[in-house]
Amino acid sequence: MQYFEIGVRYLLGTVFLTSFLGKTAGRAAYAGFVASLRATRLLPGLTGVMAPALVTAELAVCALLVVPTAPAVTVAGLVAAASLLAGLTAGVTLVVRRGVTAPCHCFSASATVLGRRHIARNGALAALAVAGAVAATDLRAHPGGAVLAALGGLVLGALVVRLDDVLELFRSTPHAPPSTVRSGR
């Protein structure tokens, strides 16, 4: 189970670090994130407080997950990740139910509108965080296995971060009308 916990920590660490960096990459990135948060109309009067609180929480969770100091710290990081993801899932669910078409600035500027796939993604990540916390009983692991588990978590984290792009690849596109080019006969 320790390898599962390591993989989950690195997956979630990748997700939260990428999210933090995407939102704080510069003034324009942060302003875009604040505008997208405002567009959700979740807490209109508190956007100025919620935006910095959210990016600070993402960075704190990432630090707790990536630096294995003691089982209690690892569990605290995974519980914090699960709590933050549960809150984000609830917020996205409200936005989707209200029919608000706010863009997802989860990892950086994106034109993708928040939807059910974001709810499913966040819910699945929250469930993984809980499962990782349950599995985090012993931080001792064989170095080779720990490296493989961490690499697996990093790869899965990168896939989660790019999930909207990956899903877009499989989205059906309208077919072009048949060509009107005549054969040379």
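Just so we're clear, the structure is a prediction, and the values are computed from it rather than from any experiment.
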Closest approach of [X] and [Y], non-hydrogen atoms and distance?
X     : Y      : answer
Ala80 : Val61  : CB-CG2, 3.8 Å
Thr74 : Arg9   : CG2-CD, 3.3 Å
Ala39 : Pro103 : CB-CD, 4.5 Å
Ala51 : Tyr30  : CB-OH, 3.4 Å
Val8  : Leu128 : CG1-O, 3.4 Å
Phe4  : Gly132 : CE2-N, 3.8 Å

| field | Residues forming a disulfide (SG to SG under 2.5 Å) with Cys106, sequence neighbours excluded | value |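 Once residues adjacent in sequence are excluded, the partners of Cys106 under the disulfide (SG to SG under 2.5 Å) criterion are Cys104.
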Measure the shortest side-chain to side-chain distance between [X] and [Y] over non-hydrogen atoms and say whether it is less than 4.5 angstrom.
X     : Y      : result
Leu11 : Leu125 : yes
Ser19 : Phe33  : no
Phe16 : Leu59  : no

Got a sec, which pairs hit salt bridge (Lys or Arg N to Asp or Glu O under 4.0 Å) with one end in [range], sequence neighbours left out?
range          : answer
residues 10-21 : none
residues 73-85 : none
residues 15-39 : Lys23-Glu58
residues 74-98 : none

For residues 81-93, tabulate all N or O donor-acceptor pairs below 3.5 Å that involve a side-chain atom, not counting sequence neighbours.
residue: Ser83; atom: OG; partner: Val79; partner atom: O; Å: 2.9
residue: Thr89; atom: OG1; partner: Leu85; partner atom: O; Å: 2.7
residue: Thr93; atom: OG1; partner: Thr89; partner atom: O; Å: 2.7

| said: By the definition side chain to side chain contact (heavy atoms under 4.5 Å, CB included), identify the one residue from Val73, Leu12, Val130 that meets it with Leu78. | reply: Leu12
| query | Are Leu46 and Val55 connected, step by step, through hydrophobic side chains (Ile, Leu, Val, Met, Phe, Trp, Tyr) whose heavy atoms are closer than 4.5 Å? | reply | yes
| request: May I ask whether Leu159 and Val15 are part of the same hydrophobic cluster, defined by side-chain heavy atoms of I, L, V, M, F, W, Y residues being less than 4.5 angstrom apart, directly or through others? | output: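 Yes, Leu159 and Val15 fall within the same hydrophobic cluster.
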| Which value, rounded to the nearest 0.5 Å, describes the distance between Asn122 atom CG and Arg117 atom CZ? | 12.5 Å
| field | Nearest-0.5 Å distance that lies between atom OG1 in Thr14 and atom OH in Tyr10 | value |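 OH of Tyr10 is found 9.0 Å from OG1 of Thr14.
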| request: Assess whether side chain to side chain contact (heavy atoms under 4.5 Å, CB included) is satisfied between Val96 and His118, documenting all intermediate values. | output: CA-CA 10 Å; Val96 170; His118 299 101; over 6 Å; no
[X]: which residues meet the side-chain contact (heavy atoms from CB on, under 4.5 Å) condition with it, sequence neighbours left out?
X     : result
Leu94 : Leu42
Leu21 : Leu17
Arg41 : Val100

| request: Mind running side chain to side chain contact (heavy atoms under 4.5 Å, CB included) on Met50 and Leu37 for me, showing each step along the way? | output: CA-CA 9 Å; Met50 291 303 299; Leu37 190 58; 4.1 Å; yes
